[in-house]
There are 2 protein chains.
Amino acid sequence: MQRNARMKDVAQAAGVSVMTVSRAFKKDASVKPATRAAIIKVADELGYVYDSTAANLRSQKTDFVAVLIPSLNNANFADTVGAMTPVLSEHGLQILLGYTNYDIHEEEYLVEQLLKRRPEAIVLTGGRHTDRTRRLLTAAGIPVVETWDLPEDPVDRVVGFSNAETMGTMVDHLVAQGHQRIAFIGGDTDGDTRGADRRRGFLAAMAAHGLETSRLIGAGTPPISMREGAEAMGRLLEEHPDTDAVVCVSDLSAFGALTECARRGLSVPGDIAVAGFGAYEIADICVPRLTTIDPHPARIGQEAARMIVALLAGAGAERRVAVEPALTAAESTVRV
Amino acid sequence: MQRNARMKDVAQAAGVSVMTVSRAFKKDASVKPATRAAIIKVADELGYVYDSTAANLRSQKTDFVAVLIPSLNNANFADTVGAMTPVLSEHGLQILLGYTNYDIHEEEYLVEQLLKRRPEAIVLTGGRHTDRTRRLLTAAGIPVVETWDLPEDPVDRVVGFSNAETMGTMVDHLVAQGHQRIAFIGGDTDGDTRGADRRRGFLAAMAAHGLETSRLIGAGTPPISMREGAEAMGRLLEEHPDTDAVVCVSDLSAFGALTECARRGLSVPGDIAVAGFGAYEIADICVPRLTTIDPHPARIGQEAARMIVALLAGAGAERRVAVEPALTAAESTVRV
DNA sequence: TTGAAAGCGCTAACAT
DNA sequence: ATGTTAGCGCTTTCAA
């Protein structure tokens, strides 16, 4: 077994031309089955490994799809990527993953780096980017899909939902449960643009109900952890002891808030109702179960991947696919 | 701004040769600053984007490091990858990530696919692979780093710890707390080889203490979710009501077990002690806090990345780096 | 400090 | 069903 066999070596050993080897490897129907079998056998013996870097250059196709998410360590985004993978893989496409740490400048850097790899398409999380990012994306001339948002002026295509509007559903639910003095626990900065949109949506919905919007607790720099959620809950209970419900920017911070209540001997929802966002697994198993909003992360991924496959096949695709989030009311806000 | 400018176009527009443009882009000191500035300016105006696919082929370097993890949706592995990223990125290396769904055959497929992309090195999770995977890896002639395990016969290099031996620490701790009738909740299959190693380690440690090893609860196909942990806890309490402690294969299943106790009105650790594995954030915030083992996922990633950087620089590196896990005793197993 | 020639390992296009 | 020729967009190498 010789090191670093090339297609040429396989061709020589099999007594055919390089082109025939190339065809045999891409399952071109025009290669005689016996010839292909012989080639595959020889290639195996030589330990030949196909070199896609050469194919990429010659055919001007990399079969890469660049995907940018805010964080690797987030079940929601993992679900979106997880749902994209089989759809893309089925069409020979491979994901080139990057994570931005919730920073649009980091995103700009990554977009620049990834475009050099000549992906066939690019998927972003969120609808807010630097001007330069937008320029780079537009100039790249490939399908661009923004997800987890539904911006007014998408770069190209969008699959997602309005984080702001969705909060209206949550506030409506809490108000219907009889809550009025409702607080919001979220990030201090707009680094997590989706989190910031949720805060804005919360304020708008409260105002629409004619409710006071002073109970805004900053829990730290996004993403907000369980611990930060717990700390914020502590501050909320001290600064606004008469609060009767709290909406958290995610289920993780909401769970942290729950634990703080447990440690203080407060009953949820008896003393205070707690709601989250994201439909993480924890929401459905913690005690009490968390009222949350399911943004259907896997559906977003699937739709985005389908869109890309269609566009790369030269077929059309909608510019805007709305994936409607669903509120799941559970024990943490519903008094029995 | 013209579409698809090449280096040649930039060279023409700047009135220099392609080679000078190439040098200007890689910050070759031999290019006169003024020349470089002019080239960068022209490139910008043309909307030129460097094409690494061509460079990859010619220089036989992709600057890719392939990294395989069992699942995207796991904070432990995300931490490992997250710690590798900055170290590699600093040296111009980019991660090409794949996930195996805890399946060594899926791993084999991915290794085969990824090697075609000609990565400079490859990082795997775990020390158990198919024979073909091992052959492919060996033949690739690049640094191979196995992580999250400490196999006897590594393919090349290892950074990790013994999942089996680490369980000894946990059993010792529980025994020291006065527990004897200790159960284990883990996967039904060996798909998660690390989980299976933990189960084996648990059995060995129990035997070493002369304790009964019949309380093995299968919680489903790995990875074991919170929900499966809760269900398994339910079965454990029914089948072996006199159990006084339970070790779970991960903090996630352990948390599920905790919630089941809470729903049944059982006190932890008063009625039964519960321990996990992984030092996930939840272990340190749930009520009661979980006794767990911190395998230092970030340290594993950092060491693996450093090893790769060293090897690619032609420097030496240890074949075997042990990262010692640490037990954190907390409320869930310690009676006050 | 810059340039010219050659070529990385494949595949498109055309030929037979 | 298979082969020949040319070339993808860079960088290596050698030269000046």
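The shown structure was predicted, so the numbers you read here are calculated from the model rather than taken from an experiment. Basis for what follows: all heavy atoms, side chains included, without hydrogens, waters or symmetry-related copies. A note on names: the letters A, B, ... follow the listed sequences, proteins ahead of strands, and every chain is numbered from 1.
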Salt bridge (charged side-chain N to carboxylate O under 4.0 Å, His left out) partners of residues 33-43 of chain B, not counting sequence neighbours, each pair once: Lys41(B)-Glu45(B)
5'-most by nearest nucleotide on DNA chain C - Leu57(B) or Ser30(B): Ser30(B)
Comparing Ser17(B) and Thr53(A) on DNA chain C - which has the more 5′ nearest nucleotide: Ser17(B)
Partner set under side-chain contact (heavy atoms from CB on, under 4.5 Å) for [X], not counting sequence neighbours:
X: Glu318(A); answer: Val321(A)
X: Arg128(B); answer: Thr193(B), Asp197(B), Arg200(B)
X: Arg306(A); answer: Val87(A), Gln302(A), Glu303(A)

Nucleic acid contacts of residues 34-43 of chain A, taken as heavy-atom distances under 4.0 Å to DNA chain D: Thr35(A)
Summary of ring pair (Phe, Tyr, Trp, His ring centres under 6.0 Å) pairs that have at least one residue in residues 17-72 of chain B, sequence neighbours excluded: Phe64(A)-Phe64(B), Phe25(B)-Tyr48(B)
For chain A, the stretch of DNA chain C it reaches, first to last nucleotide, under 4.0 Å of its heavy atoms: dG9(C) to dC14(C)
Ionic contact status for Asp156(A) with Arg319(A), cut-off 4.0 Å: yes
Per-nucleotide protein contact string for nucleotides 10-16 of chain D (B base, S sugar-phosphate only, - none; heavy atom under 4.0 Å): BBBB---
Contacts of type salt bridge (Lys or Arg N to Asp or Glu O under 4.0 Å), residue Asp149(A), not counting sequence neighbours: none
side-chain hydrogen bond (donor to acceptor under 3.5 Å, both in side chains) partners of Glu107(A), counting only residues at least two apart: His129(A)
Those residues that, when tested against Thr125(B), pass side-chain hydrogen bond (donor to acceptor under 3.5 Å, both in side chains) (two or more places apart): none
Below 4.0 Å: OP1/OP2 of dG7(D) and any side-chain N or O of Gln60(A): no
Pairs meeting criterion side chain to side chain donor-acceptor pair (under 3.5 Å) with involvement of residues 74-88 of chain B, two or more places apart: Tyr99(A)-Thr85(B), Asn74(B)-Tyr280(B), Asn76(B)-Tyr280(B), Thr80(B)-Trp148(B)
